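Here is the structure we will look at, set down as C-alpha cells.
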Amino acid sequence: MKSLIQLCLLFLVTFSQNINASTSITVKQSIAAQQSLTLQYEQAPRLVQVIQDSLLSSEQFTIKQQPKAIYWLSAGLYDSKTKIQFQQKKQQVLNSLKTQYTDMGQPQNINALKSLSSWISSNKFIKREFIPLDFDSIRLKQELNPKLASQYLLILPTKPDYVVVLGGVEKNGLQAFKANQQAATYLDLAMPISDSENSFAWVIQPDGQIENHPIAYWNQHHIDIAPGAIIYLDFQGVRDNEPELNSAILELLRHWIR
C-alpha cells in the first residue's frame, strides 16, 4: 500500500496544479483512520464531483481485498475552518460540567457528570454541514448539490455496530447495537441517575437529525434507532441551569466527528 505522503502527492497533482487551491477536501474513513486522501480544486467544485472523486480514488486504500460499503447515513462533511470555534464550544461545555459537580454532594450525579465529561474530552467536534451525501441522491437534484469553497473533512465510514448512550446515566459510552431495540432499553443498561428525565430521551440519528423518543412505561412506542446513533438523557432536577446545559451538549454532539 502506498504511503500516506505518496497518496497526498498523487491527489495534489491529479486535482490541482495550484498549491493554493480554493477548496481542499481531506477524505477519511473515520477520524481515527491513519490513511487519508487530499483532494484540491482550483475552483469550487460541486458536491457531487467531490463525492465521485472520493469514490474513484478510494481504490488507492485497498489492495488484495474488497472495500467495505460506505454507510451513507453516517457520512459527514465538516468545515475544517471551524476547528478552533468548536474547540472553544467543547471547552465551554466541559467547564460547565465541571462547575456542576465541584460543589455537589450527590455521588451518583457527580459520577455521571464526570463520565460524560471524559467522553466529550476524548472526542472531536467540527461544524458539520447537514446535507445529504449519498451519491445517487445528490446527482439527481441540483438543490442537493452545492458548490464547496472552503477546507473540509469528508468522513465516509463503514456501518458501525454500536450506539452511544450519554447524559444522565452512570455508564456513558458505547453499547452494542441491536435491531429494533428502543431507547429505553439502551438507557436501562446505562443505568439512569435519579435526577434525570424519565419520560423522553433525545436520539441524534447518524445523519445529525434530532428526535425525541418516549421512554416511560406509559408512553413507549417503537421508533427506529440506526446504528451509530447517540441517545442522550437530560439531566433534570438539581440545578436551574440544566436546560441550557442539556441544549449546549446536544448541539455539540450533532457535530461529533466519528
Side-chain angles (χ1 to χ4, degrees), residues 1-2 4 7-8 11 24-39 45 47-80 82-83 86 90 119-120 122-139 144-146 148 150-166 172-179 181 186 202-211 224-232 250-258:
M1 184 176 290
K2 295 182 179 179
L4 177 58
L7 284 172
C8 290
F11 291 102
S24 176
I25 316 285
T26 299
V27 186
K28 304 183 73 174
Q29 190 175 78
S30 71
I31 189 60
Q34 295 184 355
Q35 297 292 323
S36 67
L37 302 174
T38 300
L39 311 181
L47 176 60
V48 70
Q49 181 183 351
V50 172
I51 298 298
Q52 185 175 34
D53 292 341
S54 299
L55 294 176
L56 291 173
S57 305
S58 64
E59 296 176 0
Q60 297 291 330
F61 288 117
T62 307
I63 293 180
K64 297 182 180 179
Q65 62 181 5
Q66 293 296 319
K68 294 183 179 179
I70 293 171
Y71 184 50
W72 289 107
L73 189 62
S74 188
L77 182 69
Y78 301 86
D79 187 346
S80 298
T82 66
K83 181 177 180 180
F86 272 78
K90 172 180 172 178
W119 189 91
I120 291 175
S122 62
N123 285 274
K124 296 183 179 181
F125 308 87
I126 299 178
K127 181 183 177 183
R128 182 177 182 178
E129 304 291 350
F130 295 110
I131 53 178
L133 297 179
D134 184 284
F135 181 73
D136 290 332
S137 298
I138 63 178
R139 69 186 179 90
L144 300 180
N145 187 26
L148 303 179
S150 185
Q151 297 175 9
Y152 294 94
L153 171 64
L154 176 61
I155 301 294
L156 299 177
T158 57
K159 190 174 183 178
D161 58 1
Y162 63 82
V163 299
V164 186
V165 183
L166 301 171
N172 281 267
L174 303 184
Q175 288 189 27
F177 170 80
K178 294 185 179 179
Q181 185 161 288
Y186 288 114
W202 300 104
V203 173
I204 306 176
Q205 299 286 13
D207 60 358
Q209 298 302 308
I210 298 181
E211 300 170 351
D224 284 337
I225 297 176
I230 299 172
I231 301 169
Y232 180 81
L250 267 176
E251 180 57 27
L252 182 67
L253 294 178
R254 292 186 76 204
H255 301 275
W256 173 39
I257 309 176
R258 300 167 185 275

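None of the values given here were measured: they were computed from a predicted structure.
- Checked by atom type and distance alone, the side chain of Asn145 pairs as donor or acceptor with a backbone atom of Val48 at under 3.5 Å.
- Tyr186 contributes a side-chain N or O that, together with a main-chain N or O of Lys178, makes up a donor-acceptor pair within less than 3.5 Å.
- For Phe135, there are no ring-ring contact (aromatic ring centres under 6.0 Å, His included) partners at least two apart in sequence or on another chain.
- Across Gln205 and Asp224, no two heavy atoms sit closer than the pair NE2-O, 3.0 Å.
- Judged as a side chain to side chain contact (heavy atoms under 4.5 Å, CB included), and not counting sequence neighbours, the contacts of Ile131 are Leu47, Leu77, Glu129, Leu133, Pro146.
- Proximity of Ile230 to Leu166: side-chain heavy atoms (C-beta onward) are separated by under 4.5 Å at one or more points.
- In this structure, Tyr71 contributes its side chain and Pro227 its backbone to a donor-acceptor pair below 3.5 Å.
- A heavy-atom distance below 4.5 Å is found between the side chains of Leu252 and Ile120.
- The distance between the ring centers of Phe86 and His255 falls below 6.0 angstrom.
- Counting only N and O atoms by type, the side chains of Asn172 and Trp119 include no donor and acceptor under 3.5 Å apart.
- For Lys127, the NZ atom is loosely surrounded, since the number of other residues' heavy atoms within 6.0 Å does not exceed 12.
- Counting heavy atoms from C-beta on, the side chains of Lys28 and Leu153 come closer than 4.5 Å.
- Between Asp207 and Phe130 there is no side-chain heavy-atom pair separated by less than 4.5 Å.
- Side-chain contact check for Ser74 versus Pro157: some heavy-atom pair is nearer than 4.5 Å.
- Between the side chain of Tyr78 and the main chain of Lys83, no donor-acceptor pair closer than 3.5 Å is present.
- The shortest distance between side-chain heavy atoms of Ile204 and Tyr232 does not fall below 4.5 Å.
- In this structure a side-chain-to-backbone donor-acceptor pair under 3.5 Å is present from Arg258 to Gly228.
- One finds the OG atom of Ser54 at 5.0 Å from the CG atom of Leu39 (value rounded to the nearest 0.5 Å).
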